[in-house]
Structure formats: structure tokens, C-alpha cells
Amino acid sequence: MPGAGGKKKSPWASGERRPHFFKVLVGDFKQRLKIPPNFCKHIPWEESRKAKGLKEASMAATLEGPSGRTWLVVIRRTAEGTFFTSGWPKFVQDQALRELEFVVFRYDGNTRFTAMVFDRTACEREDLMGGGGGGGGDRPRKKRGRPRTAAASRDAARPKKDSVGKEMRFPTGFSRQHLPRERTDVVLRDPGGKVWSVLYIPNTRDRLSRGWCAFARGNCLEEGDYCVFELVAAAEFRVHIFRVVEPAVPAVRLRRVTVTCGRGPT
């Protein structure tokens with residue numbers, strides 16, 4: 001939906017906090033995908049009298065892909081956990097999802113989910129955003145606006161033990177395209193709206209240096225957390241944090257954090 005001045009709104013932008021979770025595609029992901037147990041509190045089982053008191057139950061849900069195309073899937077609760085089951089294999093096939101790619105899911109309410117797909121090279125699957133893939137889904141919805149150029153540095157952001165408190169590596173494919181090739185102070189805006197100034201250093205390993213430690217500690221980042229860096233202006237990022245543990249506990253020792261970068265609409 002166009003915003004003020006005719007600009008497109010970022011899919012991350014919302015007047016209210018929407019819950020997210022991410023999954024790295026491993027194991028039997030082509031047949032079913034497990035929803036994190038701590039996320040299941042958002043699934044409205046209580047609205048179904050039949051499902052509320054049962055250990056095993058299922059409900060229909062809608063999954064929207066990067067292009068805006070939708071798939072009907074089933075959420076099934078079993079003794080093993082809660083999974084996307086029927087309809088999920090079709091989504092995997094149509095989107096050509098591969099092992100070790102990862103998907104960020106946003107819950108939009110009314111059993112509707114939106115998915116963002118990142119590949120193994122640390123980049124968002126742009127081939128899926130313009131209608132590529134998703135051939136077996138429902139009727140295409142209106143495009144959600146300008147595609148984002150993004151990179152997910154799951155491989156790049158693996159600093160040595162305890163080094164995340166000192167610096168954070170950036171995916172070079174993203175930084176060399178969208179950031180200057182000289183030392184620059186960049187702005188990080190955390191989920192609470194607080195602004196942090198961090199030094200970006202381009203080199204053989206582009207990285208965030210001075211100021212990153214304060215940001216990481218101030219936001220209680222822990223090992224396994226994912227940070228999505230959305231480029232919203234020249235040298236300014238909105239940072240979205242997906243925590244491995246909710247609620248976050250202030251870290252005594254900071255280790256590996258996984259970073260994802262994205263470019264917002266201009």
C-alpha cells in the first residue's frame with residue numbers, strides 16, 4: 001500500500017508488533033516444517049472448541065510467498081510438536097526451496113503468515129519476488145511494492161568466540177553494492193527506536209566496528225539471535241531482532257549472532 005508521498009511501505013513496517021519466527025531448512029523440511037514451541041502461543045487454537053482440548057488437532061492457514069502469491073497449508077498439532085503439513089510440500093516445490101536456505105515467517109493474524117526466503121549465498125531470493133516461482137499457488141495478489149535487495153549473512157557473521165562484542169561482519173555482496181567503500185559512521189535504529197552510531201569499515205571483510213559492542217549489549221544479543229538490517233536511508237539501518245530465547249536475558253558473554261541485511265523502499 002502506498003504511503004505518504006506515493007512511497008511504498010516496507011513489509012517490515014507495521015503500526016503494531018507482529019510476531020515472527022525463522023527456520024533453517026534442514027532434515028525433512030520438504031514434507032513438513034516444525035513451528036517453534038514458544039511461537040505456538042500465537043496460534044488461535046482456543047477459537048476452535050473441537051481443537052482446544054485435544055492433544056492432536058489441525059487447522060487451515062494461508063501462507064503468502066515473497067511475490068504475494070498464496071498457498072493453503074495445514075497447521076497440525078501432534079505429540080511431536082506443531083507443524084506445517086498438508087500444502088507445505090507444494091509451497092516448497094513451487095518456491096524451489098533448498099536445504100540450508102532459511103525462511104522468516106511473520107504472523108499477520110487470522111491464521112495468515114507471510115514468508116521471506118533467503119538462500120545459501122546469504123542473499124534474499126529475488127527470483128521469488130517478481131512472480132518467479134509459486135506457480136501452483138492461488139491467484140496472485142497485488143505486488144507488495146519495490147523488491148528489497150537483501151543479504152543474510154548466516155555464513156559471513158560467524159566471528160570467533162566472544163568477538164561479536166567487538167565487531168560484526170557484513171555480507172560483502174550487500175555492503176559493496178549499497179555502502180561507501182570508505183570508513184563511514186552508520187546509524188542503527190533498534191526495535192525500540194533508539195539510535196546508535198556505529199563505524200562501518202570496508203575491507204576484505206566488511207564489518208561494523210566501534211559502537212557495535214554498545215549496540216549488542218544494549219539490545220541483549222545472545223548466541224543464535226538473528227538481526228535483520230533493513231537499509232532505510234543512506235547509511236541508516238532499521239534493525240529487526242529475532243531472538244533464540246524469549247524474553248531475552250542480558251548476556252554475560254556475547255558470542256555468535258547471525259545478521260541479515262535488507263534494503264527498504266526508497
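Throughout, numbering of the chain's residues begins at 1 and tracks the sequence. These numbers come from a predicted model, not from an experiment.
Note: Phe229 and Phe215 have tilted aromatic rings, judged against thresholds of 30 and 60 degrees for the angle between ring planes. Relative orientation of the Phe22 and Phe242 rings is perpendicular, given thresholds of 30° and 60° on the angle between their planes.
A salt bridge between Arg98 and Asp119 is absent, with no side-chain N of the basic residue lying under 4.0 Å from a carboxylate O of the acidic one. Comment: Arg69 does not engage Glu64 in a salt bridge, judged by the lack of any side-chain N to carboxylate O separation of less than 4.0 angstrom. Between Arg77 and Glu56 there is no salt bridge, since no side-chain nitrogen of the basic residue lies less than 4.0 Å from a carboxylate oxygen of the acidic one. Salt bridge absent: Arg238 and Asp190 never bring a charged side-chain N and a carboxylate O closer than 4.0 Å. Checked for salt-bridge contact, Arg181 and Asp206 meet the test: a charged N lies under 4.0 Å from a carboxylate O. Between Asp108 and Arg106 a salt bridge is recorded (basic side-chain N to carboxylate O distance below 4.0 Å).
The side chain to side chain donor-acceptor pair (under 3.5 Å) search around Gln93 returns none, not counting sequence neighbours. Arg207 meets the side chain to side chain donor-acceptor pair (under 3.5 Å) test with Glu167; sequence neighbours excluded.
No close placement of the Phe84 and Phe91 rings is indicated, their centers lying 6.0 Å or farther apart.
Within the cation-pi definition used here (under 6.0 Å to the ring centroid, within 45° of the axis), Arg32 qualifies as a partner of Phe83.
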